[in-house]
Amino acid sequence: MSAHRNSKALTINDITVIEDSKLKKAITAAALGNAMEWFDFGVYGFVAATVGKVFFPDASPAVQTVAALATFSVPFLVRPLGGLVFGVIGDKFGRQKVLSLTIVIMAISTFCIGLIPSFAMIGLWAPILLLICKVVQGFSVGGEYTGAAIFVAEYSPDRRRGFLGSWLDFGSIAGFVLGAGLVVVLSAAMSEANFIAWGWRFPFFLAAPLGLVGLYLRHAAEETPAFTERLRAEKEDKDALRERPMVPFMEIIRKHPRSLAICIGMVLVTNVTYYMLLTYMPTYMAKTLGYSEDHGALIIVAVMVGMLFVQPLVGFLSDRIGRRPFLAVGSAVVLLLSLPAFHLIASGNTIGIFFGLLILAVGLNCLVGILAATLPALFPTRIRYSALAMSFNISIVVAGLTPTVTAWLVEATDNIYMPAYYLMIAATVGLITTIFLRETANRPLYGDTPNASNRKEAKALLAEHYAYIEESVEEIDDAINDLKEQMDLLQKKRDNLGGQHPKLA
C-alpha cells in the first residue's frame, strides 16, 4: 500500500469514501467518450478500402489500401503534442475540463470527415482535407484515453479499480463494434456503387449526436477526489504550488524512469495487438486473403462481441489475483500463438478463421482489461496527467503505425504471415515489461490516500495500511539483523587474517 503523502499518521478521515452516484457518472462519462473514439476507428478500419477508392482513385488497389491506412496512422504522430497540451491543462485545471474539451474536438472532426467531397469533385484537396480532419482527431485523442483512464482510476475504490477501469475499454470495444457493425449493415443493405457514392459517410455523421451526449455526461460529472484534494493541499502550501512544473518532462525522466518505461512497454504490446486485430484485420482478410468483405467483417464483429463479455471479467479477476499475471499471460498468448492463429485465419475455413481471431482476442482481452487500472497507478497526482499522456503517446506513435507498416510489409515481402511476426516482437516487449511491473492491485494510486466504497471498507483499508507498515518495519529489522551478522562474520575473518598477516591486524 502506498505511503500517505503527508508525514502525519493515516486516520479513518483520510480515506475517501466514494459515493455510488458520483462513481456511476464518472464511469459512464469516461466510457462513452472512449466509445466514440473507437467508433471512429471501427468505422474507418472497415471503410478503409472504400476510402481508398474515393480519395485515391488513380492508385492501384494495393496502394489505395496503404494510402488509406496511412491516413489513419499519420495522425498518431501529433498525438504526443495533444498529450503534452492536454496533460499540462489536466494537471493544472482538472481532468473533467479536459475531457469535456476533447470530446467536442473529436465529435467535430469525425463529423467533418463525412462532409469531405470526393477526389473526383475537388481533386487533391480531398485527401488533404481528410488528413487535416484525422490530424485534428489525433490531437484530441492525445489527451482522451489517458484523461479518461485517470478520471476513472481516481474515482474508483482501491479494491474495485480493475473491474471499474475495465469498463473504459469495454466502451472502446463497444464503440468499435457499433462502428464496424454499422458499416457491415450499410454495405450489405445497399449496392456497392451507392455505398461508395454516399453510404460510407453516414456513420461519420453519427459523431455529432454521440458527441452531444458525451459532452452532457462529462459536464455533469464532478472533478475527481484526488485532484480536488491536491488543489486544496497546494492552496494551503504556497511553496508546493510555486514548485509545480508546467511541463514536468525532466522530473518524469529523472524521478520516474521505471514508470515511464513500464507505461511505454504496456501500451506498446496492448495497442499493437489492438490495432492489428481491430483495424488492420478487416483490410488484411479482404485484400490480402481475398475473403468476402462482409464475411470476414461479420466474423470479426462476432469475436468482438465475445470480447465485450470477457472484458469486465478480466478486470474483476485482476482485483483478486493482480494485474501482473494478466500482462504475462496476454503477452505469452500473443508471442506463442500468433503464428498458429494466422495459419487458422489463412485457412479459408470459417471455423478456423473464427478460432484464429479468438486466440488473438483472448490475448488482447488479458492486456487491455488491466490497462486503465494499471497506468494511472504509475505516477503521482501532481504530474499524473502530464506523465501518463507523454509516455502513453510516445508508444502509441509506434503502435498506431501498425496497420500501415504491416500492410507495407505484406506487400513488400509477399509473406502473409508478417502480421504474426510483428505481433511476436511486440509481445516480447510485453513479457519484459512484466518483469519490472510492481503489483498495483488493491493499493492506492501512487502517493494518494486510499479510496473505499463504504465506511466498513475504509476501516479494513486502514487496518491493512498499518499491517503493511508493521510488516515493512519487521522486514527492515530482519535486514538490519542479517547485516549485523554479516558484519560480525567479516570482523571474525579479519581478526583471523590479522593473526597471520600483521598488516591486516
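We're numbering straight along the sequence, starting at 1. In what follows, every heavy atom counts, from backbone to side chain, and hydrogens, waters and symmetry copies are set aside.
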S.K.: With respect to Leu367, which candidate in Val267, Asp169, Val269 satisfies the side chain to side chain contact (heavy atoms under 4.5 Å, CB included) definition?
M.R.: Val269
S.K.: Rounded to the nearest 0.5 Å, how far apart are CD1 of Ile435 and CG of Leu437?
M.R.: 11.0 Å
S.K.: Quick check: do Thr110 and Gln137 have side-chain heavy atoms less than 4.5 Å from each other?
M.R.: yes
S.K.: Do the non-hydrogen side-chain atoms of Glu19 and Lys25 ever get within less than 4.5 Å of each other?
M.R.: no
S.K.: Quick check: do Met418 and Tyr284 have side-chain heavy atoms less than 4.5 Å from each other?
M.R.: no
S.K.: Verify, without hydrogens or angle tests, whether Tyr385 (side chain) and Gly143 (backbone) share a donor-acceptor contact under 3.5 angstrom.
M.R.: yes
S.K.: Judged by modelled atom types alone, do Arg443 and Thr440 share a side-chain donor-acceptor pair under 3.5 Å?
M.R.: no
S.K.: Is it the case that the side chains of Arg218 and Ser100 hold a donor-acceptor pair, with the cut-off being a distance below 3.5 Å and no angle test?
M.R.: no
S.K.: Under a 4.5 Å cut-off applied to non-hydrogen side-chain atoms, are Leu23 and Ile27 in contact?
M.R.: yes
S.K.: Between Thr406 (side chain only) and Pro403 (backbone N and O only), is there a donor and an acceptor less than 3.5 Å apart?
M.R.: no
S.K.: Is the Phe176 to Phe39 ring centre distance short of 6.0 Å?
M.R.: no
S.K.: With a cut-off of 6.0 Å (strictly less than), are more than 12 heavy atoms of other residues, nucleotides or ligands near OH of Tyr216?
M.R.: no
S.K.: Which word best sums up how the rings of Phe163 and Phe316 line up, parallel for under 30°, tilted for 30 to 60°, or perpendicular for over 60°?
M.R.: perpendicular
S.K.: Between Phe170 and Trp167, how do the two ring planes meet: parallel, tilted or perpendicular, split at 30° and 60°?
M.R.: tilted
S.K.: Looking at Phe86 versus Phe139, is the centre-to-centre ring distance below 6.0 Å?
M.R.: yes
S.K.: Under 30°, 30 to 60°, or over 60°: which ring-plane class applies to Phe392 and Tyr145, parallel, tilted or perpendicular?
M.R.: parallel
S.K.: Under 4.5 Å between any side-chain heavy atoms of Val43 and Trp200, yes or no?
M.R.: no
S.K.: Can you tell if the side chain of Phe205 reaches within under 4.5 Å of the side chain of Phe111, non-hydrogen atoms only?
M.R.: yes
